[in-house]
Amino acid sequence: MSALTRRGFLGVLGGTALAAAGCAEISGELLRSRLALPRPFTVPLPIPEVARPVRPGRYEVTQRAARIEIIPGTTTEVLGYGGTFPGPTFDLRRGSRVTVAVRNELSVPTSTHLHGGVTPPGSDGYPTDLVAPGGGAKDYDYPLEQRAATLWYHDHRMDFTAPQVWRGLAGMALVRDDEEDALPLPRGERELPLMICDRAFEEDGSFRYPSPPESGHTGHMNGHMNGHMNGHMNGHMAAVDGDYMEGVEGDVILVNGAPWPVAEVTATRYRLRLLNASNARRYRLRLAPGGRFTQIGSDSGLLAAPVAHDELPISPGERYDVVVDFSAYPVGSAVTLVNTLADGPARNVMRFVVARRAADDTAVPAVLSRPPGRVAPVTTRRFDFRRSAEGVWTINGHPYRPGVPLARPRLGTAEVWRLSSDFHHPVHVHLAHFLVLARNGRAPAASDAGWKDTVDVRPYEVVDVLARFDGYRGRYMLHCHNLEHEDMAMMADFEVI
Ligand SMILES: [Cu+2]
């Protein structure tokens with residue numbers, strides 16, 4: 001990147017030059033760890049605890065700081081749901097309403113968003129709907145009137161989502177239903193939730209994150225970045241150093257919070273629920289020495305029929321529900337999940353070791369489910385995701401303006417939303433689920449199949465999605481799920497009327 005900082009580079013040359021420079025698939029700036037990286041494939045894959053209700057329909061979880069061992073031989077202070085990273089996995093059922101009482105014993109405010117949830121607006125984790133630090137609490141109400149799917153939850157605090165998720169405030173939530181239960185898919189120990197994210201570490205094992213010095217303090221509501229106040233209710237504060245405004249990528253890949261873990265598997269089918277929980281890093285996942293992913297589900301539930309992939313691109317916030325058949329490998333094989341977009345240590349994700357044969361009565365049926373069909377859109381709207389000349393990330397030219405909806409879709413209707421972009425912007429829509437209709441006017445990618453809530457919009461791409469507004473009226477949002485972009489104002493409200 002020569003002597004220019006990346007920020008200067010972008011500012012001078014813009015994204016076209018960035019793409020031309022061969023960085024077309026890279027969506028952030030690498031932050032290197034200051035400690036010796038651990039050897040890959042030595043730490044066993046952890047499986048997060050499953051949250052237990054305190055009584056039927058009610059969970060209680062406390063956000064607190066805790067010291068855990070992530071890099072062997074060091075400890076890391078995490079901000080965790082339940083003091084763990086990842087937080088506990090919520091194993092939920094369609095139509096079984098639950099309340100999750102979140103108590104905040106951290107020193108920073110939080111707002112919890114159930115990503116992929118069809119959730120009433122008051123429980124959706126609006127960025128200014130804060131739970132106060134030092135003991136504040138909020139009951140989040142999740143009716144879960146939605147199809148079985150792999151969801152996740154994470155902090156959504158205004159301007160500080162990126163550093164707070166980086167420090168640990170994320171976990172998975174699985175919704176199950178009768179339709180899915182009736183399928184002969186792998187389950188139990190052969191169903192693995194895999195939260196993939198990258199991090200960097202300081203020499204002492206603490207998380208490394210490029211916060212500017214002033215954001216070490218709290219209560220800086222009158223701070224702002226690049227002079228940009230533009231209707232921002234509480235002023236805009238950069239939680240990340242400007243050199244990293246493209247997004248922060250770490251050099252250590254964690255799966256379920258462990259660096260490049262290894263999982264012993266039997267020579268049978270496994271269901272892998274893949275989640276990219278990274279702030280900015282995109283992955284193109286492959287199996288080495290070879291193999292296929294049989295995709296059975298997307299962000300928002302089971303596909304109508306399975307789709308085979310040699311590789312899967314996954315941008316921040318996206319999920320793929322896949323089956324891998326390890327009987328295709330000789331016993332004793334090492335099967336490595338790799339990211340072909342990265343070189344160096346971050347190319348590895350995790351490893352499976354095929355330990356022994358075992359009986360397998362599972363199958364991937366040719367018909368998986370009956371997802372909701374397409375309905376005719378009532379209108380088309382455009383949302384342009386772009387870095388402004390002033391150096392903030394905007395939607396339709398505006399940095400985030402809380403309370404100013406860019407759209408008012410009607411409950412029960414569908415709309416085409418045309419998403420255009422100057423860079424990598426994984427666009428996430430709250431509440432509404434959508435089908436990808438087209439990329440640059442052409443057919444979507446095979447990996448775009450199914451109902452989704454997050455779509456990878458790449459530099460100079462125009463992606464058309466058909467979004468259904470079902471569930472609730474009220475205030476929701478769409479935003480870029482590159483968390484640094486999100487914090488630098490690439491969000492907008494919409495109101496379902
Ligand atoms: Cu973005």
Side-chain angles (χ1 to χ4, degrees), residues 6-7 9-11 14-16 18-19 23-31 113 115 127 154-163 165-166 197-198 210 225-226 228 230 232 236 238-249 276-283 299 313-318 341 382-401 406 417-430 434 436 439 452-463 465 477-494:
R6 195 56 167 274
R7 180 192 207 174
F9 180 75
L10 262 176
T16 309
L18 190 73
C23 311
E25 297 286 354
I26 306 300
S27 48
E29 187 75 7
L30 183 65
L31 180 68
H113 172 57
H115 183 129
H154 58 79
D155 185 52
H156 213 298
R157 177 190 168 196
M158 176 81 99
D159 298 349
F160 290 89
T161 293
V165 170
W166 186 271
C197 62
D198 56 345
M225 115 182 160
N226 294 343
H228 254 266
N230 284 8
H232 218 296
H236 208 66
V240 67
D241 183 280
D243 285 347
Y244 289 85
M245 74 169 288
E246 283 171 60
V248 181
E249 297 193 348
N276 182 356
S278 306
N279 282 30
R281 182 182 288 277
R282 300 170 67 250
Y283 301 75
D299 297 337
I314 185 167
S315 67
E318 285 189 296
L341 295 183
R382 290 159 188 265
F383 298 95
D384 183 51
F385 291 73
R386 194 165 297 277
R387 183 179 187 267
S388 72
E390 295 81 13
V392 282
W393 296 107
T394 66
I395 303 177
N396 289 354
H398 297 288
Y400 183 45
R401 296 169 297 172
L406 291 192
W417 282 14
R418 175 161 286 184
L419 312 169
S420 56
S421 167
D422 64 342
F423 189 58
H424 290 282
H425 297 301
V427 174
H428 173 45
V429 182
H430 290 209
F434 55 72
V436 181
R439 286 186 179 270
K452 292 173 63 59
D453 56 55
T454 306
V455 62
D456 187 20
V457 184
R458 296 172 299 193
Y460 302 100
E461 233 179 359
V462 179
V463 177
V465 302
M477 43 194 343
L478 75 157
H479 61 86
C480 179
H481 218 286
N482 176 315
L483 300 184
E484 281 77 26
H485 298 190
E486 170 179 338
D487 282 349
M488 291 194 186
M490 196 169 245
M491 300 200 288
D493 284 3
F494 66 90

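Whatever order the structure lists them in is the order used to number ligands and atoms, beginning at 1. Only a predicted model underlies this, so the values are computations on that prediction, with no experimental measurement involved.
Legend: protein N/O/S atoms lying under 2.8 Å from the Cu ion (ligand 1), waters omitted, number 3.
Residues satisfying the side chain to side chain donor-acceptor pair (under 3.5 Å) criterion with Asn396, sequence neighbours excluded, are absent altogether.
Asp422 and Arg387 are not joined by a salt bridge, as no carboxylate oxygen comes within less than 4.0 angstrom of a charged side-chain nitrogen.
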For this session: Apply the test side chain to side chain contact (heavy atoms under 4.5 Å, CB included) to residues Met245 and Val392: give CA-CA distance (whole Å), side-chain angles for both, the deciding distance (0.1 Å), then the verdict.
Result: CA-CA 9 Å; Met245 74 169 288; Val392 282; 5.9 Å; no
For this session: Please step through side-chain hydrogen bond (donor to acceptor under 3.5 Å, both in side chains) for the pair His481 and His115, ending with a clear verdict.
Result: CA-CA 11 Å; His481 218 286; His115 183 129; 3.2 Å; yes
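Taking 4.5 Å as the limit, every side-chain heavy atom of Glu246 sits out of range of all side-chain heavy atoms of Glu484. Between Val165 and Asn279 the shortest side-chain heavy-atom distance falls below 4.5 Å.
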